[in-house]
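One structure is given below, encoded as structure tokens.
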Amino acid sequence: MRIPKLIIVVPCYNEEEVIESTKVQLLQLLADMEATQLINKDSCILFVNDGSKDKTWELISLFHKEEPKVCGVNLAKNSGHQNALVAGLTVAKEISDITISIDADLQDDIKVIPEMVTKFSKNNCDIVYGVRKERKTDTWFKRNTALAFYTVMKRLGVKSVYNHADYRLMSKRAVEKLCNFRERNLFLRGLVPLIGYKTDCVYYNRSERLAGESKYPLSKMLNFAIDGITSFSVKPVRMVFGMGVVFLLIALVIFVYVLHSLIVKNNVQGWASLMLSLWFIGGCILIGLGIVGEYIGKIYIEVKDRPLFNIQETLLNNEE
Ligand code: UDP
Ligand code: MG
């Protein structure tokens with residue numbers, strides 16, 4: 001089998017503080033892997049600038065001038081991590097045999113990349129997931145919300161790899177298949193397992209962010225989790241339906257009780273229980289409507305079929 005060409009895809013949003021160190025470490029890794037003939041000498045890094053407001057793109061352009069192994073894609077505006085990743089993969093799949101996606105802060109251990117490539121070359125795996133051994137470096141809150149999220153996803157029947165973020169190797173054909181998913185609400189961790197092909201995992205310890213702040217504040221994390229759940233499962237709607245049936249039964253019982261007290265005690269009773277149930281059911285209907293609305297909102301966005309990203313510029317090696 002010929003030696004594969006690897007492109008490491010790195011989405012970057014306001015990463016001026018870490019990007020230089022990331023570039024140095026990844027270039028060193030590429031050099032080491034080329035020396036052992038794990039990857040071919042045309043392998044490179046593809047930074048995707050996701051509409052950063054700082055000097056990230058200026059730095060990428062500078063690195064590209066100094067070192068042709070550093071390539072870049074500049075998105076016209078901030079499109080979000082998942083869209084930036086797909087933008088990078090879409091460009092990379094045309095000119096590579098394998099891609100590896102990794103966050104710009106290199107919290108995910110790059111030492112397992114050779115192992116990922118070996119699993120592709122020797123074991124014919126099309127997808128190799130980077131999986132965290134533990135979450136020691138995370139705060140109590142992040143660790144437990146993540147755990148709750150994976151548990152809910154599993155209960156709802158969504159296939160996803162536990163403790164795997166978007167650090168993974170994908171073969172050219174796997175990326176091509178991923179690009180066939182035309183949905184707008186992207187949750188790659190749920191989509192990639194739907195591709196099929198042979199997969200494997202490599203395990204690593206995740207370290208702290210080198211510098212700068214997390215680009216995933218709580219609000220973005222929550223949106224991402226809601227996207228993940230509602231894009232892949234209609235069980236919440238069914239649960240609302242089930243709840244509706246239960247509440248109708250309760251209403252029936254209350255109705256019987258009110259009738260009974262009217263007949264037996266001959267006075268108007270049950271006012272409190274009626275009022276209570278009115279409010280209670282009203283609340284439930286609103287919650288149900290909210291959930292149904294979430295799905296209708298998704299249909300609306302899908303039907304509009306907007307482009308996921310707009311590439312403003314592309315920096316690639318001349319010979320490609
Ligand atoms: N990112 C992006 N666009 C965004 C937000 C984040 O491309 O709108 C990138 C960011 O530059 C980083 C990766 O997504 O490479 C993950 O972000 P971060 O490391 O801040 O997330 P955390 O590790 O805290 O979950
Ligand atoms: Mg990070």
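Read the numbers this way: they start at 1 and go in the same order the structure lists the ligands and their atoms.
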For K220, the ligand 1 atoms whose distance to one of its heavy atoms is below 4.0 Å:
4 (C), 5 (C), 8 (O)
Going by the rule side-chain contact (heavy atoms from CB on, under 4.5 Å), which residues pair with Q28 if we only count those two or more places apart in sequence or in a different chain?
D32
Do me a favour and list the nearest non-hydrogen protein atom to atom 19 (O) of ligand 1 with residue, atom name and distance?
D105 OD2, 2.7 Å
Check whether any side-chain heavy atom of V192 lies under 4.5 Å from a side-chain heavy atom of R168, and answer yes or no.
yes
Please report the closest heavy-atom contact between Y13 and S52, naming both atoms and the distance.
CA-OG, 3.4 Å
Among all residues two or more places apart in sequence or in another chain, which pass the side-chain contact (heavy atoms from CB on, under 4.5 Å) test with K122?
T118
Give me the residue, atom name and distance of the protein heavy atom closest to atom 17 (O) of ligand 1.
Y216 CD1, 3.8 Å
Using a heavy-atom cut-off of under 4.0 Å, does the side chain or the backbone of E208 touch ligand 1, or both, or neither?
neither
Hey, does Y167 have a side-chain heavy atom less than 4.5 Å from the side chain of I113?
yes
Option nearest atom 8 (O) of ligand 1 (shortest heavy-atom distance, choices T56, N78, V18)
N78
Any side-chain heavy-atom pair of D126 and T199 under 4.5 Å
no
Got the closest protein heavy atom to atom 1 (N) of ligand 1, with its distance?
Y13 CB, 3.7 Å
How many angstroms lie between atom CG of D97 and atom CZ of R173, to the nearest 0.5 angstrom?
12.5 Å
A104-ligand 1 polar pair, N/O distance under 3.5 Å
yes
Nearest-neighbour protein heavy atom for atom 18 (P) of ligand 1, which is reported as residue plus atom name and distance
R209 NH2, 3.4 Å
With a 4.5 Å cut-off on side-chain heavy atoms, are M153 and K159 touching?
no
Which residues satisfy the side-chain contact (heavy atoms from CB on, under 4.5 Å) test with E66, sequence neighbours excluded?
K23, L62, F63
Give a yes/no verdict on whether any heavy atom in Q82 is under 4.0 Å from an atom of ligand 1.
no
4.5 Å side-chain heavy-atom contact, N205 and D109:
no
Side chain, backbone, both or neither: which applies to L85 and ligand 1 if a contact is any heavy-atom pair less than 4.0 Å apart?
neither
Is it the side chain, the backbone, both or neither of K142 that has a heavy atom closer than 4.0 Å to ligand 1?
side chain
Nearest to atom 11 (O) of ligand 1, what protein heavy atom do you find, and at what distance?
E15 OE2, 2.6 Å
So for H81 against ligand 1, with non-hydrogen atoms under 4.0 Å, the contacting part is both
Distance to 0.1 Å, residue and atom name: give those for the protein heavy atom nearest to atom 6 (C) of ligand 1.
K215 CB, 3.5 Å
Please determine if E213 has a nitrogen or oxygen closer than 3.5 Å to a nitrogen or oxygen of ligand 1.
no
At under 4.0 Å between heavy atoms, what of M221 touches ligand 1? The answer is neither
Going by side-chain contact (heavy atoms from CB on, under 4.5 Å), I19 matches just one of I60, V24, D105, V70. Which one?
I60
Counting C-beta onward and ignoring hydrogens, is there a side-chain heavy-atom pair between C71 and N317 closer than 4.5 Å?
yes
Does ligand 1 have a heavy atom under 4.0 Å from the side chain of S214, from its backbone, from both, or from neither?
both
Students often mix this up, so state it plainly: with edges at 30° and 60°, are the rings of Y216 and F224 parallel, tilted or perpendicular?
tilted
Criterion salt bridge (charged side-chain N to carboxylate O under 4.0 Å, His left out) on D227 and K298, from CA distance to verdict
CA-CA 9 Å; D227 251 5; K298 284 219 151 62; 3.5 Å; yes
Around the Mg ion (ligand 2), list the protein N/O/S atoms within a radius below 2.8 Å, excluding water molecules.
D105 OD2, Q107 OE1
Using a 4.0 Å cutoff against the non-hydrogen atoms of G80, which atoms of ligand 1 qualify?
3 (N), 8 (O)
Below a 4.0 angstrom heavy-atom separation, can you tell me which part of D50, side chain or backbone, both or neither, approaches ligand 1?
side chain
Can you find a heavy atom in the side chain of L156 that is under 4.5 Å from one in the side chain of P236?
yes
